[in-house]
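Each remark here refers to the structure printed beneath this line.
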Protein chains: 2
Amino acid sequence: MPTGHKRQGSALEANRRDELLRAAARLFVEKGFDATTTRDIAEAVGMRSGSPFYHFRSKQDLLKAAMIEGLEAGHQRLQAAVAGIDDPERRLRVMIRSHLGTLLEGDCHAPMLVYESRSLGITARAEIAAVSDRYQQAWQATLEQLAASGKLRLPAKPMRLLLFGMLNWSRQWYRSNGGLSLDEIAEAAAEMVLA
Amino acid sequence: MPTGHKRQGSALEANRRDELLRAAARLFVEKGFDATTTRDIAEAVGMRSGSPFYHFRSKQDLLKAAMIEGLEAGHQRLQAAVAGIDDPERRLRVMIRSHLGTLLEGDCHAPMLVYESRSLGITARAEIAAVSDRYQQAWQATLEQLAASGKLRLPAKPMRLLLFGMLNWSRQWYRSNGGLSLDEIAEAAAEMVLA
DNA sequence: AATGATTAAGCAAGCAATTGCTTGTTGGAT
DNA sequence: ATCCAACAAGCAATTGCTTGCTTAATCATT
């Protein structure tokens, strides 16, 4: 493959860096940012205690990178899910289901890292807020479309805030093996939003 | 005052202990449990770094006590608010407003400490869960009453979970000086719950 | 192709600061 | 005289992070 874009060294580098990112995200969500030591993260990927600092300048940098990566993965998943769906009601239902998926499925749970924002400096917090805002705007647009045709029980903005509360808070009580399924939660939430 | 139940020494003790509890609760909510040092707490009430340990055996004990105190204060506020209200719809509205009050008004914000449960040992977590359950049951009862007369948009249990999500998550975006007021949030939430 | 220079990636060791908590002591109210 | 409440001082462990070095892979030049 003479036109390969990556030398082997670079590929390995990216892999290890991603491993660190994923392990850190998992541990941060599991135990919280402060309760997770850089030694925990290193051990999780089989490195020595100081080695992660070759890939990331600081522990906070690691958190910031994990948050941005997780937010953008969720954003792309959302965009892919709604692609080609024109009916706004149907689109909202798909968005709700997609959001619950990134929030509760798999082992990453990256969106919940946003809750650890306070561990970051103000400049990093602003970066996160910018990425997060783009995600919110996709929702705002769809909700306003629904509100315009009288299909929402509340104005778009308060509705968005309350809806995100319902969805995000589900991380506090959702258990994958019992109780409501993701589809059921999604349908229940949609039921409350739509008039 | 021969029948006084408290000597002055005890009264002062209780005062200082309560000061510690309130300061700790505020700091824990503000910065998180791990990011708050026992020195922060001591300084907040004008003590030296080791003195809080005269009143509390450990930092975790301080958190546990603050959580229980906050939860029970909220519970009493709720009970007082609904006393004598028989109409279940009216009672739910009052409960929602009361819950938002304990959550967002004043400077204590104790209910949000529940989110710091993971910093506790399992036995302490169980104690907290027990107190928290009593609070939830008051809601469950009222919601079931409403569901029985067909006034709920969803069955009582999922409705309770989603409702608490809407309300508790409001701490993430509510600002006392702009946007929606507590009364407006309460009304919007009630609107979504009731059929 | 062979050789020397450079770099990527990580290890070993440890530093400086912080942390929760303990110990022995002291002033003041009863 | 007694004892509550707090102080002064510091210990032991942990923490994020740094430094100097090693190993292997890559690159440039002959």
Side-chain angles (χ1 to χ4, degrees), chain A residues 1-25 27-28 30-66 116 118-121 124, chain B residues 1-25 27-28 30-66 116 118-121 124:
Chain A
M1 200 201 278
T3 60
H5 292 163
K6 292 186 178 185
R7 297 166 292 131
Q8 193 190 6
S10 291
L12 278 177
E13 171 193 346
N15 280 343
R16 296 297 274 165
R17 203 191 123 101
D18 267 23
E19 271 185 65
L20 276 171
L21 227 45
R22 269 194 294 275
L27 288 168
F28 287 159
E30 229 171 70
K31 320 198 303 174
F33 178 75
D34 292 306
T36 302
T37 71
T38 58
R39 286 170 171 81
D40 289 338
I41 299 169
E43 196 181 6
V45 300
M47 282 181 180
R48 304 294 175 164
S49 67
S51 302
F53 293 95
Y54 174 78
H55 296 277
F56 297 92
R57 305 221 318 277
S58 70
K59 188 189 176 189
Q60 295 200 0
D61 244 48
L62 202 39
L63 172 61
K64 182 180 117 184
E116 307 280 348
R118 63 179 165 193
S119 302
L120 259 43
Chain B
M1 200 205 276
T3 59
H5 292 160
K6 292 183 178 185
R7 294 168 294 130
Q8 193 190 4
S10 291
L12 278 178
E13 172 192 346
N15 279 343
R16 297 296 275 163
R17 202 190 124 102
D18 267 21
E19 270 184 68
L20 276 172
L21 227 47
R22 267 194 296 274
L27 289 168
F28 287 159
E30 229 171 71
K31 319 201 300 175
F33 178 75
D34 291 306
T36 302
T37 70
T38 57
R39 286 171 172 80
D40 289 337
I41 300 168
E43 196 181 5
V45 301
M47 282 181 181
R48 304 292 176 168
S49 68
S51 301
F53 293 94
Y54 172 79
H55 297 277
F56 296 92
R57 303 221 318 278
S58 70
K59 188 190 177 189
Q60 294 199 3
D61 243 49
L62 202 38
L63 173 60
K64 182 179 119 186
E116 306 281 348
R118 62 180 165 192
S119 302
L120 259 42

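Values reported hereafter were calculated over all heavy atoms of this structure, with side chains retained and with hydrogens, waters and symmetry mates removed. In what follows, every chain begins at residue 1, and chains take the letters A, B, ... in the order their sequences are listed.
- Annotation: side chain of B:D40 is in contact with side chain of B:T37 (closest heavy-atom distance under 4.5 Å).
- A heavy-atom distance below 4.5 Å is not found between the side chains of B:L63 and B:K59.
- A distance-only check finds no donor-acceptor pair linking the side chain of B:S119 to the backbone of B:F33 [under 3.5 Å].
- What separates CZ of B:R16 from C1' of D:dA6 is a distance of 9 Å, to the nearest Å.
- Whole-Å rounding puts the A:F53 CZ to D:dG20 P distance at 18 Å.
- Applying the salt bridge (Lys or Arg N to Asp or Glu O under 4.0 Å) test to B:D61 and every residue at least two apart in sequence or in another chain returns nothing.
- Rounded to an integer number of Å, the gap from B:H55 NE2 to D:dC4 C1' is 10 Å.
- The NZ atom of B:K59 sits 15 Å away from the P atom of D:dT14 (whole-angstrom rounding).
- One interatomic measurement links the two molecules: CG of B:N15 to C1' of D:dA6, which rounds to 16 Å at whole-angstrom precision.
- Near-neighbour residues of DNA chain C inside residues 36-48 of chain B, defined by a heavy atom below 4.0 Å, number-ordered: B:T36, B:T37, B:T38, B:R39.
- Atom OG1 in A:T36 sits 5.0 Å away from atom NZ in A:K31 (nearest 0.5 Å).
- The distance from atom CZ of A:R57 to atom P of D:dT18 is 10 Å, rounded to the nearest whole Å.
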Throw together a table of side-chain donor-acceptor distances under 3.5 angstrom for residues 42-53 of chain A, partners on residues two or more places apart or in other chains.
none

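- Distance B:L20 CG to C:dG20 P: 14 Å, rounded to the nearest Å.
- Note: OH (A:Y54) to P (C:dA12) measures 18 Å, nearest angstrom.
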